[in-house]
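Nothing fancy with the numbering, it's 1 onward along the sequence. Read the numbers this way: they start at 1 and go in the same order the structure lists the ligands and their atoms. Predicted model only: the values in this text are computed from it and were never measured.
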Amino acid sequence: MAEAEKVAVVTGGGQGIGKGIAERLLRDGFAVVLAEWDEEAGNETETELHSLGRVQFIRTDVGDEGMVKAAMEKTEELFGGVDLLVNNAGIMVRKPILDLSLGEWNRALATNLTGIFLCSRYAAPSLRMRKGSILNIASTRALMSEKDTEAYSATKGGVVALTHALAVSLGPEIRVNCISPGWIDVSEWRKRSERQKEKLTHDDHSQHPAGRVGKPEDIAAMLSFLVSPEASFITGANFVVDGGMTRKMIYI
Ligand SMILES: NC(=O)c1ccc[n+]([C@@H]2O[C@H](COP(=O)([O-])OP(=O)(O)OC[C@H]3O[C@@H](n4cnc5c(N)ncnc54)[C@H](O)[C@@H]3O)[C@@H](O)[C@H]2O)c1
């Protein structure tokens, strides 16, 4: 008997790293739901990836409980359940702390952290039944900072902690892991109206111990392993995929 099709929900799957992950999961044989806020990006990516397998855009704001609940119900109705939740949706807020409003702080928190709580909460019953897994996308900014990134860095530190908390609470049925990407160039993975040719310089690449800036495919490859049965002893862990940048001393 053929194995049942696995179903993945990828938040923010309409563009950037999430789109790269969605493409890889389709190639790996998953049906993919793009839980995406941007309608243009969601529709476009659904059409673009259509030839690779079953893919469905469901408009979702991950910070909105009603929309998350509805998206999980729709996924259940269309695909029968969830085997993998990829919490990828995220926004960058870069502003001096004295100019950062409470509203901007809360918006970063709602998307980058509360969104993971809500999606995990509403996907957990199905994931538990189907012995699935959750993969969160944090950032190397959970570990180190540039100026004026308090909101973003704090949410990403939260993602790493939420990952091990969920792994302990939801195991052994559900494994929960986290990838912290470094610099990943997504200019060619944006929706068509914002897509650009990659404009990286020699210095952009050569400062990385691995010799280059990252690509969505680098994150998708790590994810593909972490959600596979070969990774069944790995849970609660954070994997840095950054071309070595967080291991490089930069004192001048
Ligand atoms: N690109 C990088 O260098 C990098 C590095 C480290 C971490 N990350 C993380 O990777 C993830 C993806 O980043 P990216 O660079 O691909 O960004 P991106 O902006 O290219 O894509 C993010 C997608 O998420 C969607 N989104 C935003 N808010 C949403 C919401 N509330 N609900 C649903 N969808 C929403 C956007 O519409 C967009 O399609 C983010 O969590 C980001 O913090 C990116």
So does K19 pair up with E23, basic N to acidic O under 4.0 Å?
-> no
Which pairs, with at least one residue in residues 108-117 and sequence neighbours excluded, count as a side chain to side chain donor-acceptor pair (under 3.5 Å)?
-> N112-T155
Does ligand 1 have any N/O atom under 3.5 Å from a protein N/O, and what are those pairs and their distances?
{"unit_1": "ligand 1", "atom_1": "1 (N)", "unit_2": "I184", "atom_2": "O", "d": "3.1"}
{"unit_1": "ligand 1", "atom_1": "3 (O)", "unit_2": "G182", "atom_2": "O", "d": "3.4"}
{"unit_1": "ligand 1", "atom_1": "3 (O)", "unit_2": "I184", "atom_2": "N", "d": "2.9"}
{"unit_1": "ligand 1", "atom_1": "3 (O)", "unit_2": "I184", "atom_2": "O", "d": "3.3"}
{"unit_1": "ligand 1", "atom_1": "16 (O)", "unit_2": "I17", "atom_2": "N", "d": "2.7"}
{"unit_1": "ligand 1", "atom_1": "19 (O)", "unit_2": "R190", "atom_2": "NH1", "d": "2.8"}
{"unit_1": "ligand 1", "atom_1": "20 (O)", "unit_2": "R190", "atom_2": "NH1", "d": "2.6"}
{"unit_1": "ligand 1", "atom_1": "31 (N)", "unit_2": "D61", "atom_2": "OD1", "d": "2.9"}
{"unit_1": "ligand 1", "atom_1": "32 (N)", "unit_2": "T60", "atom_2": "O", "d": "3.3"}
{"unit_1": "ligand 1", "atom_1": "32 (N)", "unit_2": "V62", "atom_2": "N", "d": "3.1"}
{"unit_1": "ligand 1", "atom_1": "34 (N)", "unit_2": "W37", "atom_2": "N", "d": "3.3"}
{"unit_1": "ligand 1", "atom_1": "37 (O)", "unit_2": "E36", "atom_2": "OE2", "d": "2.5"}
{"unit_1": "ligand 1", "atom_1": "39 (O)", "unit_2": "Q15", "atom_2": "NE2", "d": "2.9"}
{"unit_1": "ligand 1", "atom_1": "39 (O)", "unit_2": "E36", "atom_2": "OE1", "d": "2.7"}
{"unit_1": "ligand 1", "atom_1": "39 (O)", "unit_2": "E36", "atom_2": "OE2", "d": "3.1"}
{"unit_1": "ligand 1", "atom_1": "41 (O)", "unit_2": "N88", "atom_2": "O", "d": "2.7"}
{"unit_1": "ligand 1", "atom_1": "41 (O)", "unit_2": "K156", "atom_2": "NZ", "d": "2.9"}
{"unit_1": "ligand 1", "atom_1": "43 (O)", "unit_2": "Y152", "atom_2": "OH", "d": "2.4"}
{"unit_1": "ligand 1", "atom_1": "43 (O)", "unit_2": "K156", "atom_2": "NZ", "d": "3.0"}

What pairs of donor and acceptor atoms, side-chain ones from residues 243-252 against any protein atom, are under 3.5 angstrom apart with sequence neighbours left out?
{"unit_1": "T246", "atom_1": "OG1", "unit_2": "D242", "atom_2": "OD2", "d": "2.7"}
{"unit_1": "K248", "atom_1": "NZ", "unit_2": "Q207", "atom_2": "O", "d": "2.6"}

Mind listing the side-chain donor-acceptor pairs of residues 124-133 below 3.5 Å, one per line with the distance, residues two or more places apart or on another chain?
{"unit_1": "S126", "atom_1": "OG", "unit_2": "V82", "atom_2": "N", "d": "2.8"}
{"unit_1": "R130", "atom_1": "NE", "unit_2": "D83", "atom_2": "OD1", "d": "3.1"}
{"unit_1": "R130", "atom_1": "NE", "unit_2": "D83", "atom_2": "OD2", "d": "3.4"}
{"unit_1": "R130", "atom_1": "NH1", "unit_2": "G80", "atom_2": "O", "d": "3.0"}
{"unit_1": "R130", "atom_1": "NH2", "unit_2": "D83", "atom_2": "OD2", "d": "2.9"}

In terms of side-chain heavy atoms, does D203 have a donor or acceptor partner in T201 at a distance below 3.5 Å?
-> no
Hey, which of E39, E48, E36, E40 is the one that makes salt bridge (charged side-chain N to carboxylate O under 4.0 Å, His left out) with K191?
-> E40
